[in-house]
Structure formats: C-alpha cells, structure tokens
Amino acid sequence: MPIQLVCSNRQMEAAEGVAKLIAEHRQSVAELESLGKQAMEAEGKDAVLLGQKLDAVMAEEAAVRRRAAIAPVATIAEMKMKAAYFQRLTAHGWCEIDVDDFRALLGSFAKLQS
C-alpha cells in the first residue's frame with residue numbers, strides 16, 4: 001500500500017519515501033543557495049529578475065520542506081533519518097524552519113505504528 005500524505009492544498013499525493021523527499025529538499029536548498037549568490041552579485045534588471053526567481057525558489061523550498069516534515073514514517077530508521085536531517089537544518093542554519101514544520105515533523109513521528 002503506498003504512503004499517502006496531505007499537501008497544503010488538501011489533496012492526497014503518493015509520497016515517494018522519506019529519503020526521496022529529503023533528497024528533493026536538499027536539492028532545493030542547494031538551488032536556493034546558488035541563486036542567492038548570483039542575486040547578491042547581480043545589478044540592475046538582472047537583480048530584479050533574479051530576485052523574483054529567488055522568491056519563487058524560496059516558496060518551493062518551503063513547500064518541499066513541509067512535505068518532508070509531514071511525510072509519515074514507516075520505520076524507526078525513517079524516523080531517525082528525518083530527525084537527523086531536520087536537526088542538521090537547524091544546526092547549520094540552511095533554512096528557517098517554522099513552528100508548523102516542527103509540529104508536522106513531530107506529528108509524523110507520533111503516527112508510527114509499533
């Protein structure tokens with residue numbers, strides 16, 4: 001049976017596994033970092049366009065982070081993987097994690113079936 005999760009638009013989507021969601025988020029953070037460096041060096045119209053793209057990528061990163069936080073865990077190993085990843089996010093300041101993300105993360109742990 002596939003794992004299901006609810007996105008912010010309240011539609012059910014098949015999760016592709018915790019590891020794949022974490023990898024997707026890591027890729028999103030890397031893209032955000034690269035674009036941020038470019039935006040810092042840009043001037044004029046390029047800066048405006050990169051600023052707009054940066055806003056869109058930041059929104060996408062937040063959505064991917066939320067999906068990773070709410071993805072249900074099926075095993076203790078997945079729980080440990082998610083906990084370690086979100087701990088690294090907060091320890092290294094790679095992105096801002098809001099309270100709702102932490103609630104979703106803890107809620108996913110509470111739903112683990114013994």
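Interatomic distance, Ile76 CD1 to Phe109 CZ, rounded to the nearest 0.5 Å: 10.0 Å. Rounding to the nearest 0.5 Å places NZ of Lys111 at 8.5 Å from CD1 of Ile70.
Nearest heavy atoms, Ser108 versus Ala69: OG-O, 3.5 Å.
Screening residues 30-42 for salt bridge (Lys or Arg N to Asp or Glu O under 4.0 Å) gives Glu33-Lys37 as the qualifying pairs, with residues at least two apart or on separate chains. Sorted pairs that involve residues 32-64 and meet ring pair (Phe, Tyr, Trp, His ring centres under 6.0 Å), not counting sequence neighbours, are lacking altogether. Listed by first and then second residue, the ring pair (Phe, Tyr, Trp, His ring centres under 6.0 Å) pairs that reach into residues 55-83 come to none, sequence neighbours excluded.
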Contacts table for residues 44-61: side-chain donor-acceptor under 3.5 angstrom, sequence neighbours left out:
| from | atom 1 | to | atom 2 | distance (Å) |
| --- | --- | --- | --- | --- |
| Glu61 | OE1 | Arg65 | NH1 | 2.9 |
| Glu61 | OE2 | His25 | NE2 | 2.7 |
| Glu61 | OE2 | Arg65 | NH1 | 2.7 |

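In terms of modelled atom types and a separation under 3.5 Å, the side chain of Glu78 and the main chain of Ala74 share a donor-acceptor contact. Side-chain N or O atoms of Lys82 include one that pairs as donor or acceptor with a backbone N or O of Ala68 at under 3.5 Å.
For Glu96, there are no salt bridge (charged side-chain N to carboxylate O under 4.0 Å, His left out) partners at least two apart in sequence or on another chain. For Arg26, the salt bridge (charged side-chain N to carboxylate O under 4.0 Å, His left out) test picks out no residue, with sequence neighbours left out. With sequence neighbours excluded, the residues forming a side chain to side chain contact (heavy atoms under 4.5 Å, CB included) with Phe102 are Thr90, Ile97, Leu105, listed by chain and number. Qualifying side chain to side chain contact (heavy atoms under 4.5 Å, CB included) partners for Ser34, counting only residues two or more places apart in sequence or in other chains: Gln38. For Ser28, the side-chain hydrogen bond (donor to acceptor under 3.5 Å, both in side chains) test picks out no residue, with sequence neighbours left out.
Tyr85 and Leu32 fall into different hydrophobic clusters, where Ile, Leu, Val, Met, Phe, Trp and Tyr side chains are chained together by heavy-atom contacts under 4.5 Å.
Salt bridge status for Asp98 with Arg66: present, with a side-chain N to carboxylate O gap under 4.0 Å.
The hydrophobic side chain of Val64 is isolated, with no ILVMFWY side chain under 4.5 Å apart from it.
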